[in-house]
There are 2 protein chains.
Amino acid sequence: MQRQIPEVVVSRLPMYIRGLTELYQGGIALVNSGDLGARLGIAPAQIRKDLSYFGKFGRRGRGYNVALLLGELSQILGLDRQWLMAVVGVGRLGRAIMDYKGFAPRGFKIVAAFDRDRKVIGRKVSDVEIQDMSELEATVKEKNVNIAIVAVPSSEAQEVIDLLVQSGVRSILNYAPICGKVPPGVRLEGIDPVLALQSMTYYLARSCDDLS
Amino acid sequence: MQRQIPEVVVSRLPMYIRGLTELYQGGIALVNSGDLGARLGIAPAQIRKDLSYFGKFGRRGRGYNVALLLGELSQILGLDRQWLMAVVGVGRLGRAIMDYKGFAPRGFKIVAAFDRDRKVIGRKVSDVEIQDMSELEATVKEKNVNIAIVAVPSSEAQEVIDLLVQSGVRSILNYAPICGKVPPGVRLEGIDPVLALQSMTYYLARSCDDLS
DNA sequence: GTTTGTGAAATAGTTCACAGCA
DNA sequence: TGCTGTGAACTATTTCACAAAC
């Protein structure tokens with residue numbers, strides 16, 4: 001147990017949560033690092049080492065209590081509370097994000113949406129009323145939004161990111177295919193399926209061409 | 001220049017493509033590793049080292065010819081051809097994926113879609129007719145699909161992945177929030193926004209709690 | 001003068017292997 | 001006996017720093 005945990009370690013905790021949740025729902029009460037690792041495709045020693053950054057959660061000779069570890073990890077990640085999110089850009093993609101049923105059950109609730117298009121302002125999508133961009137800063141502060149999802153066209157994305165940062169948002173999930181810039185202290189993560197596809201083709205191209 | 005390139009290196013090439021494309025569209029013909037790095041948030045030495053795995057593309061004292069490097073990287077990643085994709089699962093999420101306008105302009109074309117729900121089979125989404133799952137293997141082979149996108153509920157995802165692998169698909173982009181298993185030689189990448197959110201909350205929770 | 005390409009050095013991350021405990 | 005927790009060993013990745021090229 002120590003300070004300054006590597007980012008890779010933090011990024012694996014959600015996977016452990018995922019695997020443990022499946023076990024929990026399957027009624028399995030106890031699991032060891034080998035079985036959890038096999039399920040997630042992660043080395044058992046990796047799991048034990050990662051957990052050791054945060055404490056001692058297992059019992060030697062037995063393994064980990066699934067419910068207990070799930071609770072501990074949820075607390076470590078701050079998932080024991082509800083997080084309020086805003087969506088910026090309510091075009092095709094933004095609407096799909098707002099309609100996505102996967103956020104709420106995992107503790108992430110969309111409570112505000114913004115667009116600059118007059119034609120959609122005032123309408124409701126999934127029970128959330130779309131507001132004008134000019135109301136972003138005030139609404140974000142008033143509703144205590146701390147995560148924003150950017151779903152505007154690439155050309156406007158950086159501008160929107162800047163506005164969000166200025167409004168006090170410290171975590172941004174960006175769907176626009178640009179590499180945005182944020183000041184230190186703000187987290188920006190990109191979601192771009194094309195980026196994933198473009199590295200897969202590297203390996204596809206190789207297994208097609210090389211018959212060696 | 002050498003064999004066996006690290007995966008991290010391959011995963012950065014699409015980012016270079018992205019940055020170079022922006023420069024190209026901005027009419028900039030020449031770029032050095034420092035400027036490209038600043039734009040992408042990557043160290044200049046990292047860029048030079050990554051490129052050196054594949055060859056020598058720059059001119060000392062000058063930098064890189066944007067169009068030239070773009071072409072080289074596209075070829076390396078196999079982006080100089082069109083890739084045909086199939087979508088499995090045409091619910092809310094699957095339809096959003098099929099409607100997404102970001103694939104085609106970057107060389108990825110959806111040419112087939114499958115679902116097991118009788119009510120949607122036969123309908124068209126974005127000009128592609130939805131077929132029954134039973135036709136998957138034959139259609140994938142006939143149309144030369146080599147990438148599949150999985151957008152079925154978690155409970156069916158592994159089953160669908162197995163079917164795709166059996167049908168000869170070597171690259172799968174999985175939107176279901178499970179950690180699927182594939183045999184060696186098949187690439188499976190997951191897209192799960194919640195996973196990204198769950199690690200962002202770790203840092204959010206810390207900057208809220210700790211006033212230290 | 002400028003910037004690449006690249007070994008060598010430094011850092012980060014993973015895996016081993018085993019003492020310690022149930 | 002079985003499995004965790006963890007330093008130590010190993011491997012991978014990044015960064016440095018500079019000769020070579022223009």
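Letters A, B, ... mirror the listed sequences (proteins, then strands); counts begin at 1.
- Taking atom OH on Tyr53(A) and atom P on dA12(C), their separation rounds to 11 Å, with Å as the unit.
- Among the heavy atoms of the strands lying under 4.0 Å from Arg48(A) is at least one base atom, whether or not backbone atoms are also near.
- Residue Lys56(A) contributes atom NZ, which lies 16 Å from atom P of dA19(C) at whole-angstrom precision.
- Contact annotation: Lys49(A) does not reach the phosphate of dT4(D) (side-chain N/O to OP1 or OP2, under 4.0 Å).
- Checked by atom type, the side-chain pair Arg187(A)/Ser171(A) shows no donor-acceptor distance below 3.5 Å.
- No more than 12 heavy-atom neighbours from other residues, nucleotides or ligands sit within 6.0 angstrom of CZ on Arg116(A).
- The pair Asp99(A)-Arg95(B) does not meet the salt-bridge criterion, since no charged nitrogen lies less than 4.0 angstrom from a carboxylate oxygen.
- Spacing between atom CG of Asp50(B) and atom P of dG5(C) amounts to 12 Å, rounded to whole angstrom units.
- Put simply, Arg59(B) has no side-chain N or O that comes within less than 4.0 Å of OP1 or OP2 on dA20(D).
- In this structure, CZ of Phe57(A) is placed 17 Å from C1' of dC3(D), rounded to the nearest angstrom.
- Contacts between residues 60-75 of chain A and DNA chain D, counted as heavy-atom distances below 4.0 Å, involve Arg60(A), Gly61(A), Arg62(A), Gly63(A), Tyr64(A).
- Contact between Leu84(B) and Lys143(B) at its shortest, heavy atoms only, is CD1-O, 3.3 Å.
- Pairing each heavy atom of Ala205(A) with each of Arg81(B), the nearest pair is CB-NH2, 3.8 Å.
- Residues from residues 25-47 of chain B placing a heavy atom under 4.0 Å of any atom in DNA chain C, listed by number, are Asn32(B), Ser33(B).
- Here the shortest heavy-atom pairing between Leu20(B) and Leu73(B) reads CD1-CD1, 3.7 Å.
- Comment: Glu137(A) engages Lys141(A) in a salt bridge, judged by a side-chain N to carboxylate O separation of less than 4.0 angstrom.
- Across every non-hydrogen atom of Phe114(A) and Met133(A), the tightest pair is CB-SD, 4.0 Å.
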